[in-house]
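One structure below.
Both backbone and side-chain heavy atoms feed into the values below; hydrogens, waters and symmetry mates do not.
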Amino acid sequence: MATTGERLANRLLSIHRFVNRNLVGRLLHNVLPGGATAAPSPSPMVRQLGKNALVVDADALLLKQPSPGAAFPPYFLVAVEAGGYVRGLVLLALYPVLHVLPHGARAKAMAFVSFCGLRRDEAARIGRAVLPKLFSREAPPGMRAVEALNALPKEVKVVAVSRTFPTVMVEAFLKEYAGFHAVAGRELEGGPRYLTGVMAELDTESLARALKQTERAPCAYSKPVVFHDGRLAFTPTPAAALAMYIYLPFAVALAVIRIAIYVLLPWRLSSVVAGLTGVRVRVVGPTPAAAGSNAEPHGGRLYACNHRTLLDPVGIACALKRPVAAVTYSLSRLSEVLSPIPLRRLTRNREEDRRRMSSMLARGDVVVCPEGTTCREPYLLRFSPLFAELASEVTPVAVDARTTVFYATSTSPVAKSFDSVYFLMNPRPEYSVQFLEPVNTESGKSSIEVANEVQRALASALGFEGTALTRKDKYLLLAGNEGVVNTK
């Protein structure tokens, strides 16, 4: 019978073969605590510490290739999303100098520009809410190697070590999404609230602390990135970042023109003229007729759609070629002013929200987004059942928004006011709209059952996956609150 050590050796050999097929890892150079020496390593990115611990070179997982510009996109995202576009421009302007620096000096320089003066909590938020999407998109071969590591026995602890990135940038992704038990990285110096941007060396104490964490950490497994934040919808390589800055003034002008078209021109004309500027609304299948004698006898038609951006109801109105009213949470004053359709703010008080939606439905067609918040990825959040109690039938509408440069959603109360502007800043923003068969809400099913039926119908039409996640789950992860924000 094979011993535990033999089984571990066999596992390591399997990982070695797997990694060699998928990655060109770099040798992980580190000094072990207490003068201990690592066992012979079967792979340049995996090293064994004793019988029940492995150290993995996280940089080999996170970076597609060991080129001078490979680490630039994550640092650029920190600079822009936490420090603003000016800070990002400074980092980009320094890239020719950074390109010729040795690897260690280059990482320190990028860390200083990106983090100097940032609040610690804001830096942690970027590492938790923005960077996981970039890392998951850029390192799929590495994530397959992580799956092999997760197949190890439960008593074996796996520690990720990074020399290119500070811990605050990679810890959330490596622990929560990649499945590592602990992360040992280079720490950023500074006070209790603000960072200086100076990145300390990775020493034996950092690795020792990480190994101690594995004694308390539960076994983790890799999972998909469902929620993420930030404005940039592309991988900001140096060339792509430069193109974005060149395009930025034109993007602002284009958004202003498009907003003016929707606000100032008659409804039927505005959709056509906006299309000439690059805004596209693609309708899949037939559109329902306007409410009348054959529709809801007491008023308008109720549409329930999944929630991609604040402009979902506008996209539906463009598809119908007639205005509709919409209800939403956390509505900013700017969104109210710029909206070409009637909007009504909801209160999260069930009876008051029922009254407001019923009042609007009595006057005409109404669009509701039962998810309560937007989701960028191909997932549907849990539907609130209130909409299923307002009319005898509801028409599900499957919508999808596509952007190439800027995301049109945010969890920040201030940034949220500009969500619609960012959508219109994209070169060719696009909405696809598909009207599904109406669902009878008076079939004897409960409102929760009807809400779940509508969610399943939309998930099937879009090819998305339904979940039980909620608005609260999203905001706790991305913003550190429960999603009750004041945007007045």
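- Within the structure, ring pair (Phe, Tyr, Trp, His ring centres under 6.0 Å) pairs that include any residue of residues 356-377 do not occur (at least two apart or interchain).
- Between the side chains of E389 and S447, at least one donor N or O lies within less than 3.5 Å of an accepting N or O.
- With R382 contributing its side chain and T467 its backbone, the two residues share no donor-acceptor pair below 3.5 Å.
- R231 places a side-chain N or O within donor-acceptor distance of the main-chain N or O of A415, the cut-off being under 3.5 Å.
- More than 12 non-hydrogen atoms from other residues, nucleotides or ligands lie less than 6.0 angstrom from CZ of R350.
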Enumerate, atom names and distances included, each donor-acceptor pair closer than 3.5 Å involving a side-chain atom of residues 435-442, sequence neighbours excluded.
from	atom 1	to	atom 2	distance (Å)
N440	OD1	E442	N	2.8
T441	OG1	A391	O	2.4
T441	OG1	S392	O	3.0

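- Under a 3.5 Å cut-off, the side chain of E465 and the backbone N or O of A459 do not form any donor-acceptor pair.
- Looking only at distances, a side-chain donor or acceptor of D353 sits under 3.5 Å from a matching main-chain atom of R348.
- Salt bridge status for E377 with K133: present, with a side-chain N to carboxylate O gap under 4.0 Å.
- Taking CG from L61 and CZ from F180, the interatomic distance works out to 5.0 Å, rounded to the nearest 0.5 Å.
- Taking 4.0 Å as the cut-off between side-chain N and carboxylate O, E351 and R355 do not count as a salt-bridged pair.
- Side-chain atoms of R428 and T404, non-hydrogen and from C-beta on, never get closer than 4.5 Å to each other.
- Each of P288, P396, P313 was checked for a side chain to side chain contact (heavy atoms under 4.5 Å, CB included) with Y303, and the lone residue meeting it is P288.
- Counting heavy-atom neighbours within 6.0 Å of F418 CZ, excluding the residue itself, gives a total of 12 or less.
- Taking the six-membered ring where the residue is Trp, the centroids of Y475 and F227 are separated by 6.0 Å or more.
- Here the rule is side chain to side chain contact (heavy atoms under 4.5 Å, CB included) with L131, and of L62, I126, V170 only I126 fits it.
- For the side chain to side chain contact (heavy atoms under 4.5 Å, CB included) with T328, the lone residue among L346, L310, V367 that qualifies is L310.
- Using a 4.0 Å cut-off between charged side-chain N and carboxylate O, R301 and E393 make a salt bridge.
- In terms of the salt bridge (charged side-chain N to carboxylate O under 4.0 Å, His left out) criterion, D312 has no residue partners (sequence neighbours excluded).
- Ring geometry, F387 versus F383: the interplanar angle exceeds 60°, so the pair is classed perpendicular (tilted spans 30 to 60°).
- Taking CZ from F423 and CZ from R258, the interatomic distance works out to 8.5 Å, rounded to the nearest 0.5 Å.
- To the nearest 0.5 Å, the span separating NE2 on H307 from CD on E371 amounts to 8.0 Å.
- Aromatic ring orientation, F135 versus F165: perpendicular (interplanar angle above 60°, classes split at 30° and 60°).
- Salt-bridge formation is not detected for the pair R456/E453: no Lys NZ or Arg NE/NH1/NH2 atom is positioned less than 4.0 Å from an Asp or Glu carboxylate oxygen.
- In this structure, the side chain of K474 engages the main chain of T374 through a donor-acceptor pair within 3.5 Å.
- Under a cut-off of 6.0 angstrom, the local environment of CZ in R87 is crowded, with over 12 non-hydrogen atoms contributed by other residues, nucleotides or ligands.
- A perpendicular orientation is assigned to the rings of Y245 and F76, their planes being inclined by more than 60° (bins at 30° and 60°).
- Side chain of T309 to backbone of L311: a donor-acceptor contact under 3.5 angstrom is found.
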